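Notes to accompany the following structure.
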Amino acid sequence: MEMIYMTLFLAALLGALFIFQIPSAFGRGKENKDFKTFPKEQLRTYSKDEVCLHNKRDDCWIIVKNKVYDVTPYVEEHPGGDAILNHAGNDSTEGFYGPQHASRVFDMIDEFYVGGLKP
């Protein structure tokens, strides 16, 4: 009987640990990305002309929903190969939200944020 209680206790403990890890693993419980606070030096805005200068493998910026990202360090790691370069220096919103991307890219993109797009 003690063995059954011990097994149930351990199962409940492991279950609780698993349940509390799920929100962070799947992005739940995180702050809303639209309201994320960036340091002042990253609040710069860029014109589309400025962004279009960054259109090479070794200098690759993209625009997603009027936000500018320097994805140069990610170009070589991109699972889609050179597809990331198709819109280098341009608006990549449509491709970014395409069905080929797993939801984890929505969390990853923030580390590449460099500023907003000028209207």
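What you are looking at is a predicted structure, and each value in this text was computed from that prediction instead of being measured. Residues take their numbers from the sequence shown, with the count starting at 1.
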Any side-chain heavy atom of [X] sitting closer than 4.5 Å to one from [Y]?
{"X": "Ile63", "Y": "Asn90", "answer": "no"}
{"X": "Phe96", "Y": "Ile109", "answer": "yes"}
{"X": "Lys118", "Y": "Lys48", "answer": "no"}

Practice prompt. Mind running side chain to side chain donor-acceptor pair (under 3.5 Å) on Ser47 and Asp49 for me, showing each step along the way?
Written response: CA-CA 5 Å; Ser47 69; Asp49 289 338; 5.0 Å; no

Restricting to side-chain contact (heavy atoms from CB on, under 4.5 Å), what partner residues turn up for [X], sequence neighbours left out?
{"X": "Pro119", "result": "none"}
{"X": "Lys56", "result": "Asp58"}
{"X": "Asn66", "result": "Leu117"}
{"X": "Thr93", "result": "Val64, Lys65, Asp91, Tyr97"}

Discussion item. His87: which residues meet the ring pair (Phe, Tyr, Trp, His ring centres under 6.0 Å) condition with it, sequence neighbours left out?
Written reply: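 In terms of ring pair (Phe, Tyr, Trp, His ring centres under 6.0 Å), with neighbours along the sequence ignored, His87 is linked to no residue.
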
Practice prompt. May I ask you to check whether Trp61 and Tyr46 place their ring centres under 6.0 Å from each other?
Written response: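 Aromatic pair counts; centres sit under 6.0 Å.
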
Worksheet item: Closest heavy-atom contact between Cys60 and Ile84?
Response: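 Nearest heavy atoms, Cys60 then Ile84: SG-O, 4.4 Å.
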
Worksheet entry | side chain to side chain donor-acceptor pair (under 3.5 Å) against Asn86, all qualifying residues, sequence neighbours excluded |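 For Asn86 there are no side chain to side chain donor-acceptor pair (under 3.5 Å) partners, ignoring immediate neighbours.
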
Discussion item. Side-chain heavy atoms nearer than 4.5 Å, only ILVMFWY residues, links allowed to pass through others: does that put Tyr69 and Met108 together?
Written reply: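 Yes, because Tyr69 and Met108 connect within a single hydrophobic cluster, where side-chain heavy atoms sit under 4.5 Å apart.
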
Discussion item. Going by salt bridge (charged side-chain N to carboxylate O under 4.0 Å, His left out), name the pairs with one or both residues in residues 79-90, residues two or more places apart or in two chains.
Written reply: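 Salt bridge (charged side-chain N to carboxylate O under 4.0 Å, His left out) check on residues 79-90 returns Arg57-Asp82.
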
Worksheet item: Roughly how far, to the nearest 0.5 Å, is CD1 of Ile62 from CG of Asp70?
Response: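 One finds 9.5 Å between CG of Asp70 and CD1 of Ile62.
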
